[in-house]
Amino acid sequence: MEKKNKKYFPIFVDLMDRKIVVVGAGTIAKRRIRALVDFTEHLYVIAPEVNPELRDLDAAGRLTIIRRKYEKGDICGASFVIAATNDNRLNQEIYAGCKEAGIPVNVCNDKTRCDFYFPVLAYDDTIVAGVSSAGHDAAGSKRVANQIREMLRETEKTAEPVQQAAGTVEAVTERSCDTIGQDADAPGSVEKVITQKAAGKVRIFTDGAARGNPDGPGGYGVILQYTDAAGELHERQFSQGYVKTTNNRMELMAAIVGLEALKRPCEIELYSDSQYLIKAFNEHWLDGWIKKNWMRNKTDPVKNVDLWKRLLAAAGPHRITWNWVKGHDGHPENERCDQLATGAADGEDLIEDVVQAL
């Protein structure tokens, strides 16, 4: 019988070069996967169906998706395994296979079949904390982890140097007006040159779309907004369709076009429903890719390197906060960007998506 107050000793190990296997892609599995992607370069997710978030992580080289049912040989060479399917019989099969092979295993819905407990994590670039109640008080573990996260955020704030706010922003763009249903001479049009001191941040909303991804037409949509010192909103829209492209390339192009439209360094709030784009900056994927000379691992190059490099160059002069918004969830500008992107993809004025030589 398990002792009521049994304690588990926390051990911090280097998983970067170790194979980790997660079987399943449901809600619990996704939580485990999100936590693991920052700690290993060899994370394998086995499931017949996966959601867009996990597909984005796969495209970014953060994990490898095997889209099929579990097979016994999948756990070979694994340092540990997480069984997180909704099939109890399959979870038992995975557990038995791991015990036979001497591989630590965690069956997410059965505490009696856990060689280890998965902690709630709180971490920054230098500190990693794991909180666990050994399955007895999940809410308490989460509460303590949130308190640690807040402490880390406060520490980061006090360590940051004081920075000056963005200065004067001149004409937001020199490009011709590309709005839909908007008169270029109407009040609020960005055709008016903006010379006032910045009253707030420039806001850029972006979206990309592809029909028959990755072999069909696609397009991007961008909305750029700025409120001047007099409180007047200035807005500009951009869109373009391509003969053959991918959704991820269009997400990147949307951000590139929005940033390249700015003539001077600005403080920017950029919004996108692409986790591929937002997490590359917020979770420092780009730092890892650059350190590895744009390789996902030893054999697989990062995709869309030409656009990532162009985006980094466009972002360089600015102070940008990268914000993720849920797509098709009623966010007004996101919905409008989606209409711009899909309208461009379905239009007749399509151009070639030329991958630039590096």
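Every heavy atom of this structure was used, including side-chain atoms; hydrogens, water molecules and symmetry mates were not. Note that the coordinates shown come from a computational prediction; the quantities given were computed from them, not determined experimentally.
Contact of the Arg67 side chain with the Glu49 side chain is registered, since non-hydrogen atoms from C-beta on lie closer than 4.5 Å. Side-chain contact between Arg249 and Val355: present, with at least one pair of heavy atoms (C-beta onward) separated by less than 4.5 Å. For the pair Leu43/Leu57, no side-chain contact is recorded, criterion being any heavy-atom separation below 4.5 Å from C-beta on. Using a 4.5 Å heavy-atom threshold, the side chains of Ile290 and Leu312 count as touching. Two residues are said to be in side-chain contact when any heavy atoms from C-beta on lie closer than 4.5 Å; Leu252 and Tyr276 meet this criterion. Within the 4.5 Å cutoff, no side-chain heavy atoms of Tyr271 are placed close to those of Ile223. Two residues are said to be in side-chain contact when any heavy atoms from C-beta on lie closer than 4.5 Å; Glu235 and Glu333 fail this criterion. Under the 4.5 Å side-chain criterion, counting only non-hydrogen atoms from C-beta, Ile278 is not in contact with Ser274.
Aromatic ring pairs are classed by plane angle as parallel below 30°, tilted from 30° to 60° and perpendicular above 60°; the pair Tyr242 and Tyr220 is tilted.
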Checklist entry - Between Ile82 and Ile28, is a side-chain contact (heavy atoms from CB on, under 4.5 Å) present by the stated rule, with each step listed? => result CA-CA 10 Å; Ile82 295 175; Ile28 295 176; over 6 Å; no
Item to check | From CA spacing to verdict: salt bridge (Lys or Arg N to Asp or Glu O under 4.0 Å), Glu267, Lys201 | outcome: CA-CA 5 Å; Glu267 188 172 359; Lys201 293 175 178 152; 3.8 Å; yes
Next on the checklist: Run Asn334 and Asp329 through side-chain contact (heavy atoms from CB on, under 4.5 Å) and show every step you take.
Outcome noted: CA-CA 9 Å; Asn334 180 258; Asp329 195 43; over 6 Å; no
Next on the checklist: Between Leu233 and Arg203, is the side-chain contact (heavy atoms from CB on, under 4.5 Å) condition met? List the steps.
Outcome noted: CA-CA 11 Å; Leu233 176 66; Arg203 293 174 297 277; 3.6 Å; yes
Next on the checklist: Quick one, Asp124 with Arg153, criterion salt bridge (Lys or Arg N to Asp or Glu O under 4.0 Å). Give me CA distance, side-chain angles, the key distance, then yes/no.
Outcome noted: CA-CA 9 Å; Asp124 60 15; Arg153 283 192 290 268; over 6 Å; no
Next on the checklist: Assess the residue pair Thr206 and Leu270 against the criterion (side-chain contact (heavy atoms from CB on, under 4.5 Å)); give the C-alpha distance rounded to whole Å, side-chain angles, the decisive distance to 0.1 Å, and a yes or no.
Outcome noted: CA-CA 8 Å; Thr206 70; Leu270 189 145; 4.3 Å; yes
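Under 3.5 Å, the side chains of Asp87 and Tyr70 contain no donor-acceptor pair of N or O atoms. Side-chain contact check for Arg211 and Thr342: no donor-acceptor pair (N or O, by modelled atom type) lies under 3.5 Å. Side-chain polar atoms of Arg143 and Asn146 form no donor-acceptor pair below 3.5 angstrom.
Within a 6.0 Å sphere centred on NZ of Lys303, other residues, nucleotides and ligands contribute 12 heavy atoms or fewer.
Evaluated for a side chain to side chain contact (heavy atoms under 4.5 Å, CB included) with Leu277, the options Asn248, Leu311, Asn282 yield exactly one hit, Leu311.
Checking side-chain atoms of Asn91 against main-chain N and O of Thr85 turns up a donor-acceptor pair under 3.5 Å. In this structure, Trp289 contributes its side chain and Trp294 its backbone to no donor-acceptor pair below 3.5 Å. Judged by distance alone, with hydrogens and angles left aside, the side-chain atoms of Asp349 form no donor-acceptor pair with the main-chain N or O of Gly347 at under 3.5 Å. In this structure, the side chain of Glu251 engages the main chain of Gly208 through a donor-acceptor pair within 3.5 Å. Judged by distance alone, with hydrogens and angles left aside, the side-chain atoms of Ser141 form a donor-acceptor pair with the main-chain N or O of Ser133 at under 3.5 Å.
Residues Phe281 and Val202 are members of one and the same hydrophobic cluster, defined by side-chain heavy-atom contacts under 4.5 angstrom among Ile, Leu, Val, Met, Phe, Trp and Tyr. One hydrophobic cluster holds both Val81 and Ile66 under the rule that ILVMFWY side chains link at heavy-atom gaps under 4.5 Å. Under a hydrophobic-cluster definition in which Ile, Leu, Val, Met, Phe, Trp and Tyr are linked whenever side-chain heavy atoms come within less than 4.5 Å, directly or via other members, Ile75 and Val45 are assigned to different clusters. No chain of hydrophobic side-chain contacts below 4.5 Å, direct or via other Ile, Leu, Val, Met, Phe, Trp or Tyr residues, connects Phe39 to Ile11. Cluster annotation: Phe80 is connected to Phe9 through the hydrophobic network of ILVMFWY side chains, with a link wherever side-chain heavy atoms come within less than 4.5 Å.
Sorted by first and then second residue, the salt bridge (Lys or Arg N to Asp or Glu O under 4.0 Å) pairs with a member in residues 51-60 read Arg34-Glu53, Glu53-Lys279, Asp58-Arg296; sequence neighbours excluded.
With values rounded to the nearest 0.5 angstrom, Asn304 atom CG is found 9.0 Å from Met250 atom CE. Here the CZ-CD1 distance, from Arg319 to Ile268, works out to 11.0 Å after rounding to the nearest 0.5 Å. Residue Glu93 holds its CD atom at 10.0 Å from CZ of Arg89, rounded to the nearest 0.5 Å. If you take CG on Asp353 and OG1 on Thr246, they are separated by 7.0 Å, rounding to the nearest 0.5 Å. The CD atom of Glu269 sits 10.5 Å away from atom CD1 of Ile204, with the distance rounded to the nearest 0.5 Å. Atom OH of Tyr123 sits about 9.0 Å away from atom CZ of Arg149, to the nearest 0.5 Å.
Closest approach of Ala210 to Asn247, counting heavy atoms only: CB-N, 3.5 Å. Shown here for Met295 and Pro301, the closest heavy-atom pair between the two residues is SD-CA, 3.7 Å. Heavy atoms only, all atoms of each residue included: Glu260 and Ala314 are closest at CG-CB, 3.8 Å. Between Gly258 and Val222 the shortest heavy-atom distance is CA-CG1, 3.9 Å. For the pair Gly221 and Leu340, the tightest heavy-atom approach, listed with the atom from each and the gap, is CA-CB, 3.7 Å. In this structure, Ala345 and Pro217 approach most closely via the heavy-atom pair O-CB, 3.8 Å.
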Please list every donor-acceptor pair under 3.5 Å in which a side-chain atom of residues 102-110 meets a protein atom from a residue at least two apart or in another chain.
unit_1: Asn106; atom_1: ND2; unit_2: Phe116; atom_2: O; d: 2.8
unit_1: Asn109; atom_1: ND2; unit_2: Asn88; atom_2: OD1; d: 2.8
unit_1: Asp110; atom_1: OD1; unit_2: Thr112; atom_2: N; d: 3.0
unit_1: Asp110; atom_1: OD1; unit_2: Thr112; atom_2: OG1; d: 2.5
unit_1: Asp110; atom_1: OD2; unit_2: Thr112; atom_2: OG1; d: 3.4
unit_1: Asp110; atom_1: OD2; unit_2: Arg113; atom_2: NH1; d: 2.5

Please list every donor-acceptor pair under 3.5 Å in which a side-chain atom of residues 12-23 meets a protein atom from a residue at least two apart or in another chain.
unit_1: Asp14; atom_1: OD1; unit_2: Met16; atom_2: N; d: 3.0
unit_1: Lys19; atom_1: NZ; unit_2: Asp74; atom_2: O; d: 3.2
unit_1: Lys19; atom_1: NZ; unit_2: Cys76; atom_2: O; d: 2.8

